[in-house]
Structures are given as C-alpha cells and as structure tokens.
Amino acid sequence: FAIFSNKHTWSMTILYILTFGSFIGFSAALPLSINVIFGNMMEVAADGSVTRVANPDGPSALTWAWIGPFVGALIRPIGGWVSDKVGGSIVTQWISAVLVVASVAAGYVMYLAYQSATPETYFAVFLVIFVVLFAASGIGNGSTFRSIGVIFDQHQKGPVLGWTSAVAAYGAFIAPRVMGEQIQVGTPELAMYGFAIFYAL
C-alpha cells in the first residue's frame with residue numbers, strides 16, 4: 001500500500017493507460033470498427049432519405065484486425081531499447097504526440113467512411129493509421145515499463161507494475177464501449193477525438 005502515497009504511482013498509472021490501455025483497447029475496438037463502419041454503407045433512397053445497409057464490398061474483420069495488435073506486440077521491445085538510449089520519458093512524450101495526431105486522423109477517416117456510400121475506399125488509409133496507433137502504443141508500452149523500473153526502488157517497482165497494468169487493462173472495456181456508443185449515434189469520429197484529447201493531456 002506504500003505505492004499509493006507515491007505521486008509517481010499516479011503519473012505512471014495514467015501513462016500506462018495511455019500506452020498499454022490504448023493497445024488492448026484498440027485491439028478490441030478495431031474489429032468492431034471494421035465490422036460496423038466498413039461493413040455497412042450509406043444508401044440514399046428515391047425519396048432522399050438516407051439509411052445504413054450492409055456493404056457487400058466491406059472488408060472482413062477476421063482478415064485484417066490481427067495486424068494492429070501483431071505490430072504493437074512485435075514493436076514493444078523497441079520502446080524499451082530506445083528508452084535505454086534516450087530515456088523513457090522522452091520516448092513516451094514522442095509517442096504521445098504521435099497518438100494525438102494519429103487519433104485525430106483516424107477519427108476523420110472514420111467520419112468520411114461512415115458517411116460514404118463506398119466506405120471500403122477509405123479502408124486502406126484507416127488500417128495504416130490504426131497500425132501507426134498500435135505501433136506508437138506498443139513502443140510506449142515498452143518505454144513506460146522501462147520508466148517504472150528506473151523511477152521506483154526494488155520494493156515498489158513490482159507492486160507499481162501490477163497496479164498500473166491492472167488499471168490499464170480496463171482499456172479493453174473502455175475503448176470499445178466508447179467507440180460502440182459513438183458508432184450507435186452516428187459519430188464514431190468523436191471517440192477518436194476524445195482519445196486524442198486524453199493523449200494530449
């Protein structure tokens with residue numbers, strides 16, 4: 001319980017949500033986004049009304065959703081390695097900036113795809129941006145893990161790592177929940193813009 005009186009515990013908890021939480025959150029949110037945003041399309045009826053219908057050319061989440069988590073997991077050790085050279089806080093700062101820009105870009109592409117009669121035309125750009133998000137969160141996962149090892153002493157680093165990992169694991173619940181709610185009301189981009197604000201803070 002001594003870790004809870006250490007201010008660095010709370011800073012690292014937020015940063016672990018930023019990195020590890022984003023990684024597992026996006027792992028759950030990516031297939032949802034592919035299925036709903038690209039698996040459906042806008043159709044304009046003769047009377048001018050617009051409805052969402054199944055997209056026969058929509059990409060399969062089973063085919064593509066694994067790429068992001070695979071890249072994020074594969075690149076994670078690089079975050080630790082670069083952090084050993086330049087410092088974990090510097091690496092985390094840089095990937096936070098990347099996460100802000102990529103989240104805004106992903107939100108904009110999701111907006112365009114959601115409103116489109118041919119959403120599959122935006123899929124390649126969408127997937128590349130999400131791979132960037134996964135890569136940044138993976139590198140950040142390595143850098144924050146390394147920072148915990150440097151900041152805390154032998155008695156606290158283990159409990160802090162357990163605590164921060166447990167809290168960040170809620171990303172697997174929060175990200176798809178937020179994304180799903182925004183998709184339901186027709187504004188999936190707002191979820192990504194909200195994530196961008198969190199990353200900026």
Side-chain angles (χ1 to χ4, degrees), residues 1-33 65-107 128-180 191-201:
F1 290 99
I3 65 171
F4 298 123
S5 60
N6 187 332
K7 65 180 181 180
H8 297 301
T9 299
W10 303 105
S11 300
M12 293 311 302
T13 300
I14 294 169
L15 290 176
Y16 225 64
I17 293 170
L18 169 98
T19 57
F20 179 61
S22 295
F23 173 78
I24 62 172
F26 287 144
S27 296
L30 179 59
L32 172 70
S33 299
W66 65 272
I67 294 175
F70 177 76
V71 169
L74 200 65
I75 206 167
R76 183 184 184 278
I78 293 174
W81 179 75
V82 174
S83 296
D84 286 336
K85 307 292 184 188
V86 300
S89 61
I90 293 171
V91 174
T92 305
Q93 187 73 38
W94 277 104
I95 68 98
S96 298
V98 172
L99 286 168
V100 169
V101 173
S103 293
V104 171
V128 168
I129 294 171
F130 254 86
V131 167
V132 170
L133 283 167
F134 275 105
S137 63
I139 290 171
N141 192 4
S143 67
T144 49
F145 184 88
R146 190 262 186 189
S147 294
I148 288 174
V150 171
I151 293 168
F152 298 93
D153 63 28
Q154 287 296 114
H155 301 291
Q156 289 196 345
K157 68 171 71 172
V160 168
L161 189 58
W163 164 258
T164 56
S165 299
V167 172
Y170 279 99
F173 166 76
I174 295 169
R177 179 69 184 263
V178 170
M179 198 90 75
M192 297 308 298
Y193 296 159
F195 294 145
I197 292 168
F198 169 66
Y199 298 145
L201 291 173

Under the salt bridge (charged side-chain N to carboxylate O under 4.0 Å, His left out) test, which residues partner Arg76, sequence neighbours left out?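 Arg76 satisfies salt bridge (charged side-chain N to carboxylate O under 4.0 Å, His left out) with no other residue.
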
Ignoring hydrogens, what is the shortest heavy-atom contact between [X] and [Y]? Give both atom names and the distance.
| X | Y | answer |
| --- | --- | --- |
| Phe198 | Leu18 | CE2-CA, 4.0 Å |
| Phe130 | Ala106 | CE1-CB, 4.1 Å |
| Ala200 | Val100 | N-CG2, 3.4 Å |
| Ser27 | Pro31 | O-CD, 3.2 Å |
| Val98 | Ala136 | CG1-CB, 3.9 Å |
| Ala29 | Met179 | CB-CE, 3.5 Å |

What is the distance from atom [atom1] of [X] to atom [atom2] of [Y], rounded to the nearest 0.5 Å?
| X | Y | atom1 | atom2 | result |
| --- | --- | --- | --- | --- |
| Ile151 | His8 | CD1 | NE2 | 6.5 Å |
| Ile139 | Thr19 | CD1 | OG1 | 11.5 Å |
| Ile14 | Thr9 | CD1 | OG1 | 11.5 Å |
| Asn6 | Gln156 | CG | CD | 5.0 Å |
| Met12 | Ile3 | CE | CD1 | 12.5 Å |
| Thr144 | Ile95 | OG1 | CD1 | 7.5 Å |

Under the side-chain hydrogen bond (donor to acceptor under 3.5 Å, both in side chains) rule, what pairs show up with a residue in residues 86-107, not counting sequence neighbours?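 For residues 86-107, and leaving out neighbouring residues, the side-chain hydrogen bond (donor to acceptor under 3.5 Å, both in side chains) pairs sorted by first residue read Thr92-Ser143.
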
Aromatic ring centroids of Phe195 and Phe26 under 6.0 Å?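 Centroid separation for Phe195 and Phe26: below 6.0 Å.
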
Which residues pass the ring pair (Phe, Tyr, Trp, His ring centres under 6.0 Å) test with Tyr199, not counting sequence neighbours?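 With sequence neighbours excluded, Tyr199 shows a ring pair (Phe, Tyr, Trp, His ring centres under 6.0 Å) to no residue whatsoever.
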
List for me each residue that meets ring pair (Phe, Tyr, Trp, His ring centres under 6.0 Å) alongside Phe70, sequence neighbours excluded, and say none if there are none.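 Phe70 satisfies ring pair (Phe, Tyr, Trp, His ring centres under 6.0 Å) with Trp66 once adjacent residues are dropped.
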
Ile17 and Tyr170, any side-chain heavy atoms less than 4.5 Å apart: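 Counting from C-beta outward, Tyr170 and Ile17 never come under 4.5 Å.
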
Are any non-hydrogen side-chain atoms of Val104 and Tyr193 less than 4.5 angstrom apart?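 Result yes, sub-4.5 Å side-chain heavy-atom pair found.
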
Go through the steps to decide whether Met192 and Leu133 satisfy the test side chain to side chain contact (heavy atoms under 4.5 Å, CB included), and finish with yes or no. CA-CA 11 Å; Met192 297 308 298; Leu133 283 167; 3.8 Å; yes

If we ignore hydrogens and angles and just use 3.5 Å, is the side chain of Ser165 paired with the main-chain N or O of Gly162 as donor and acceptor?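 Not at all, since once roles are kept as given, no pair shorter than 3.5 Å links the two residues.
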
Take a 6.0 Å sphere around CH2 of Trp81 and say whether it holds more than 12 heavy atoms from other residues, nucleotides or ligands.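 Atom CH2 in Trp81 is not packed in, count stays at 12 or less.
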
Within a reach of under 6.0 Å around CZ of Phe145, are more than 12 heavy atoms found that belong to other residues, nucleotides or ligands?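 No, CZ of Phe145 has 12 or fewer neighbouring heavy atoms, counting only those of other groups under 6.0 Å.
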
Checking Ile24 now: which residues fulfil side chain to side chain contact (heavy atoms under 4.5 Å, CB included) with it, not counting sequence neighbours?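 Applying side chain to side chain contact (heavy atoms under 4.5 Å, CB included) to Ile24 gives Phe20, Ala169, Ala172.
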
So Leu161 and Phe152, side chain to side chain contact (heavy atoms under 4.5 Å, CB included) or not? Walk me through it. CA-CA 10 Å; Leu161 189 58; Phe152 298 93; over 6 Å; no

With sequence neighbours excluded, tell me which residues meet side-chain hydrogen bond (donor to acceptor under 3.5 Å, both in side chains) with Thr13.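 Only Trp163 meet the side-chain hydrogen bond (donor to acceptor under 3.5 Å, both in side chains) criterion with Thr13.
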
